[in-house]
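Inspection log for the structure reproduced underneath, given as structure tokens.
In what follows, residues are counted from 1 in the order of the sequence shown. Just so you know, these numbers use all the heavy atoms, side chains as well, and skip hydrogens, waters and symmetry mates.
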Amino acid sequence: MATFSQPTIEKGSDMVQDFLCSTCEDKKLVESADYYCESCVKFFCSKCIYMHGQLFTQHSPHGRGDMKKWPVAKKMEDFLLKCDVHKEENNEMFCKDHSQLCCNKCAILNHRTCKTVILLSDLVKNTSTDLKQVSVTIQTTLAKLKGLQENQEDSIQYLLSSYDEQLQKIQENRKKIIAALNKLEQKAMQELKDTLTKLQAPLDRDINKCSTLQDELKQLGEAIHNIGDKNKQELSLIASIKCMDKIQQFEKYQKENFVEVKSLISFQPNNEIVEYLSKLSGLGMTLTVMQNPDKVIRMDRKSKYDVCTEGELKCSIRDICVLSSGQVLVTDTSNSKVKLLSQTYQVVSHCSVSDSHLNWPMGICQITPSEFGIAVGPRGTHGDGFPPSKILFIKVNNSQLVKDRILTFQHYCTSIVYKKGDLFVTSGTALFKYKLSDTCTLVSKLHEDKSDKWTVSRCAVSPTGDKLYITSPHQHKLLTLAKDGSILATFMDPALKLMVGLHVTPAGQVLVCGKLSKNIIQVDSKGSMKLATLATQRDGVECPYSVCYNRITDSIIVGQWDHKKILVYKVK
């Protein structure tokens, strides 16, 4: 009789996938079977099959390469036959009303009133089963389930990211409160010190006056003692006069200046502060924000800010990144610089990225709260066949830019995005995925298009990481990719020409700008259709080159080509 081993488990399944050698099992040994003989209805391991072959030369056992001719494993058969509800019962009927298998107990308890409950033995006579199609359906459903699971896992990571961000905000808020209290404490301490100085000064003056008069009177007393019996009338007269003068000075000073009332310092706390804080329920409110990636952004008033430094005539802001502090980091290709802007968009620090070969700062991305990567390449070139590029890492320390490590790439780098340890880099014709640590390890080439030299320019990632967006400027299109690089959607609009700027907001809203069409467009999160035109030349857009949402000030920043100023639009 064929027997089966204990479970050899595949991930996600508890069904038996292996068989025991029947001969070894008779000897109380556990050995996995490698052959099955239909004639003997037995399994054999690689050792026992030799003896079987000697005894039964006419038999044709099937090896593991031909397992479709092996019988169904007993536990797998039981898995299929057993009722899901009543584990000890076999499924013997099928209820067409509910499209459910059922055992005798199920039929009595749940299907007594059903019109069509038939025996499986009768159903199988009139039913054909296409297991290949069922298998295809299973695989399709498994792929959907995997996609849904990955999407939810990405959502959890996005949720955790927002948690960490809000935790940091709470800590920053606490620091502000402590700083305000420290300021109040310093002010109170200074007032206390000033009061002490004010009250102590006249007392010190009295003490010094008393000390001086004491010294002078003591000297006169010693002089009188020395001349008392020496018959020095003139000296005695002078000493007497001086003594009376000093005594009169003391009496006058005492009468006019001495205050015998003793003072003390008392501090009266502002109890309203403690009372107010004690009444508060917390530092703020924790809200659940349901992000809508397809909510249309409405832009309001516009402001302009000069981002040129001394000696510069124009700037070309290629990419923009907003720090958690509210400061803004931009790459200026015209002047080969990275610039740090204050919360009011004033240049507070800048550094050159130019060397003998690489002098064009391109994409920028945040790695840690204080570290940023800058893609730097040779000026005016794109795509394969050009000199390699580098990523320069810069740290922001006390509003100053400090150059750090450098990673060199053997392809051109036009745009970079960092997401949970992964670094996505565009080369002009391809999108690469790297694993970033102290070095960069290539994981895969997700997408490539060599039909032109500028087909894969900018890159952005959705907040949950399940979608990638890339722009193809010369083809005037936006591609949306899955995590594996497969194309999910292609977007083109006649009103959008030379699509260069690309940005995804923390809510998942997709923004693109056309350099030649002079406009900013919002695309739906699927990357398949235009939701709205946010700004055009009539709104001050002249040559948009980059776009970014500033969540600190709730505004849209637009960098332009060959312009002194950036544009900042307040979001309604």
Side-chain angles (χ1 to χ4, degrees), residues 1-96 99-107 116-147 149 484 486:
M1 185 68 184
T3 56
F4 313 99
S5 73
Q6 291 301 309
T8 299
I9 309 299
E10 284 189 357
K11 187 175 181 181
S13 170
D14 61 356
M15 280 183 289
V16 177
Q17 300 296 331
D18 214 343
F19 302 81
L20 287 179
C21 173
S22 305
T23 304
C24 290
E25 191 178 25
D26 291 341
K27 300 175 182 178
K28 307 299 182 183
L29 300 175
V30 177
E31 191 69 41
S32 179
D34 296 301
Y35 297 90
Y36 171 69
C37 179
E38 285 184 288
S39 302
C40 299
V41 196
K42 286 188 177 183
F43 295 90
F44 300 94
C45 64
S46 56
K47 293 180 180 179
C48 294
I49 194 65
Y50 176 76
M51 182 62 68
H52 173 271
Q54 296 294 318
L55 296 174
F56 305 100
T57 57
Q58 301 301 316
H59 291 190
S60 300
H62 305 293
R64 287 189 172 270
D66 198 16
M67 288 191 72
K68 62 184 179 181
K69 294 183 179 179
W70 288 31
V72 177
K74 180 66 169 61
K75 286 196 175 181
M76 184 179 291
E77 187 175 349
D78 287 344
F79 168 77
L80 293 172
L81 289 175
K82 293 298 181 183
C83 175
D84 292 339
V85 179
H86 307 98
K87 304 297 184 182
E88 73 284 358
E89 298 287 333
N90 283 348
N91 288 311
E92 296 182 358
M93 287 166 275
F94 180 76
C95 175
K96 287 191 174 182
S99 296
Q100 286 182 349
L101 292 166
C102 51
C103 65
N104 287 324
K105 289 184 179 179
C106 288
T116 313
V117 178
I118 58 177
L119 293 171
L120 288 177
S121 56
D122 293 334
L123 180 64
V124 76
K125 295 175 183 177
N126 304 311
T127 305
S128 61
T129 304
D130 187 351
L131 289 181
K132 288 185 178 179
Q133 184 57 45
V134 172
S135 181
V136 169
T137 304
I138 287 175
Q139 295 307 314
T140 302
T141 306
L142 284 173
K144 290 180 180 178
L145 283 169
K146 183 180 179 182
Q149 180 182 345
D484 60 2
S486 58

Residue pair K27, T23: steps toward the side chain to side chain contact (heavy atoms under 4.5 Å, CB included) verdict: CA-CA 7 Å; K27 300 175 182 178; T23 304; 4.2 Å; yes

For K69, salt bridge (charged side-chain N to carboxylate O under 4.0 Å, His left out) partners two or more places apart: D66

Distance in Å, Q133 CD paired with I138 CD1, rounded so as to fall on 0.5 Å steps: 10.5 Å

Residues in side chain to side chain donor-acceptor pair (under 3.5 Å) contact with E92, at least two apart in sequence or another chain: N104

C37 to F44 - nearest heavy-atom pair and separation: CB-CE1, 3.9 Å

For H86, all residues meeting side chain to side chain donor-acceptor pair (under 3.5 Å), sequence neighbours excluded: none

Closest contact, heavy atoms only, R64 versus A33: NH2-O, 2.6 Å

Atom pair NE2/OH of H62 and Y35 - distance to nearest 0.5 Å: 12.5 Å

Interatomic distance, C102 atom SG to L120 atom CG [nearest 0.5 angstrom]: 7.5 Å

Heavy-atom closest pair, residues G53 and T57: O-CG2, 3.5 Å

Plane angle bin for H52 and F56 - parallel if under 30°, tilted between 30 and 60°, otherwise perpendicular: tilted

Closest non-hydrogen atom pair, C45 against C21: N-SG, 3.3 Å

CZ-CD distance between F19 and E25, expressed to the nearest 0.5 angstrom: 13.0 Å

Nearest heavy atoms of D34 and S46, plus distance in Å: OD2-N, 3.1 Å

Side chain to side chain donor-acceptor pair (under 3.5 Å) partners for K96, two or more places apart: none

Side-chain donor-acceptor pair present, K82, N91, cut-off under 3.5 Å: no

Straight-line distance of Y36 OH to K42 NZ, nearest 0.5 Å: 11.5 Å

Sequence-distant partners of D122, side chain to side chain donor-acceptor pair (under 3.5 Å), two or more places apart: none

N/O donor-acceptor pair under 3.5 Å between W70 side chain and G63 backbone: yes

Gap between atom CE of M51 and atom CD of Q54 - 0.5 Å precision: 7.0 Å

Pairs satisfying salt bridge (Lys or Arg N to Asp or Glu O under 4.0 Å), at least one member in residues 43-58, at least two apart: none

